[in-house]
Amino acid sequence: MKMYFFALLAVTLVTQPAVAKTYPEAVWKARFSQRPFPDYPRWARARHLTGSGLFRMQVDEQGRVSTISILKSTGHKELDSLATKALSSWRGRPGPRWDLDIPITFTMDMSYHPKKPEDTRTYR
């Protein structure tokens, strides 16, 4: 009976995502020297692929993104792949390991306004 309880507990701990520490935007922007935006290619816009996702980046001591996890999908594998590709090329300053959750939105709604307009890249 005890083995069953411990096995169930281990599965519960593994399946629940760990919470990344929340950093103010100014802090994570200062820690990354390169933050390229994801591409939003013409073929994706032509197919009207849109969605918002949440991605967790694990950054190593050298400031490189070592792992990216999809916490919430954009709803399209193609957009998730574009976001993951862009986030994996972010480069930061050396320091302790850390995790960061980044939301990414692909939209065709020209009236959409994020919290910070400078964080938006418009494609035509």
Side-chain angles (χ1 to χ4, degrees):
M1 183 74 164
K2 287 183 182 180
M3 278 182 46
Y4 178 73
F5 174 75
F6 288 121
L8 181 61
L9 179 61
V11 170
T12 303
L13 293 175
V14 171
T15 58
Q16 292 185 7
V19 177
K21 184 175 178 185
T22 303
Y23 296 93
E25 189 173 346
V27 170
W28 62 261
K29 281 188 170 183
R31 289 187 74 176
F32 284 103
S33 56
Q34 297 176 14
R35 299 184 319 268
F37 286 91
D39 289 329
Y40 197 8
R42 192 174 299 245
W43 61 263
R45 289 180 281 139
R47 291 177 47 199
H48 299 277
L49 299 181
T50 61
S52 294
L54 184 62
F55 301 84
R56 176 164 296 156
M57 301 185 331
Q58 295 177 339
V59 183
D60 65 16
E61 294 90 353
Q62 288 78 35
R64 291 181 300 230
V65 177
S66 57
T67 307
I68 298 174
S69 305
I70 301 172
L71 300 179
K72 178 184 175 278
S73 173
T74 60
H76 301 282
K77 291 178 187 177
E78 299 93 335
L79 297 182
D80 291 343
S81 177
L82 292 169
T84 302
K85 181 179 176 185
L87 292 175
S88 66
S89 62
W90 283 30
R91 296 292 177 256
R93 291 169 177 58
R97 289 182 186 210
W98 60 303
D99 294 350
L100 177 64
D101 292 349
I102 295 288
I104 294 183
T105 299
F106 292 90
T107 183
M108 296 182 66
D109 181 2
M110 296 306 283
S111 65
Y112 172 78
H113 297 287
K115 295 176 187 174
K116 300 270 185 181
E118 62 270 13
D119 292 337
T120 303
R121 178 176 278 179
T122 304
Y123 295 91
R124 301 201 189 279

Nearest non-hydrogen partners of Pro38 and Ala83, listed with the distance = CB-CA, 4.1 Å

Walk me through it: do Phe55 and Ile104 pass the test side chain to side chain contact (heavy atoms under 4.5 Å, CB included)?
-> CA-CA 8 Å; Phe55 301 84; Ile104 294 183; 4.1 Å; yes

Check for a donor-acceptor pair, side chain of Ser81 on one end and backbone N or O of Lys77 on the other, with a separation under 3.5 Å.
-> no

Separation of Leu79 CG from Phe106 CZ (nearest 0.5 Å) = 5.0 Å

Do any N or O atoms from the side chain of Ser73 and from the backbone of Gly75 form a donor-acceptor pair under 3.5 angstrom?
-> yes

In Å, rounded to the nearest 0.5 Å, how long is the span from OG of Ser66 to CD of Glu61?
-> 8.5 Å

Can you tell if the side chain of Trp98 reaches within under 4.5 Å of the side chain of Gln58, non-hydrogen atoms only?
-> no

Can any side-chain N or O of Arg45 pair as donor or acceptor with the backbone N or O of Tyr40 at less than 3.5 Å?
-> yes

Looking only at atom types and distance, does a side-chain atom of Lys72 sit under 3.5 Å from a main-chain N or O of Ser52, one as donor and one as acceptor?
-> yes

Given side chains that start at C-beta, do those of Arg64 and Val59 come closer than 4.5 Å, heavy atoms only?
-> no

If you round to the nearest 0.5 Å, how far is CG of Leu54 from CD1 of Ile102?
-> 8.5 Å

Ignoring hydrogens and geometry, is there a side-chain-to-backbone donor-acceptor pair from Asp80 to Thr74 under 3.5 Å?
-> yes

Can you measure from CE (Met57) to OG (Ser88) and round to the nearest 0.5 angstrom?
-> 9.5 Å

To the nearest 0.5 Å, tell me how far Met108 CE sits from Arg47 CZ.
-> 12.0 Å

For Gly92, does its backbone N or O pair with a side-chain atom of Ser33 as donor and acceptor, under 3.5 Å?
-> no

Contact list for residues 72-95, test ring-ring contact (aromatic ring centres under 6.0 Å, His included), sequence neighbours left out | Trp28-Trp90, Phe32-Trp90

Checking Arg93 side chain against Ala30 main chain: does a donor-acceptor pair fall under 3.5 Å?
-> yes

Run the salt-bridge test on Asp60 and Arg97 with the 4.0 Å N-O cut-off and return the result as yes or no.
-> no

Rounding to 0.5 Å, atoms CG (Leu100) and CG (Leu87) come to a distance of 9.0 Å

Any Val65 side-chain heavy atom under 4.5 Å of Ser89 side chain | no

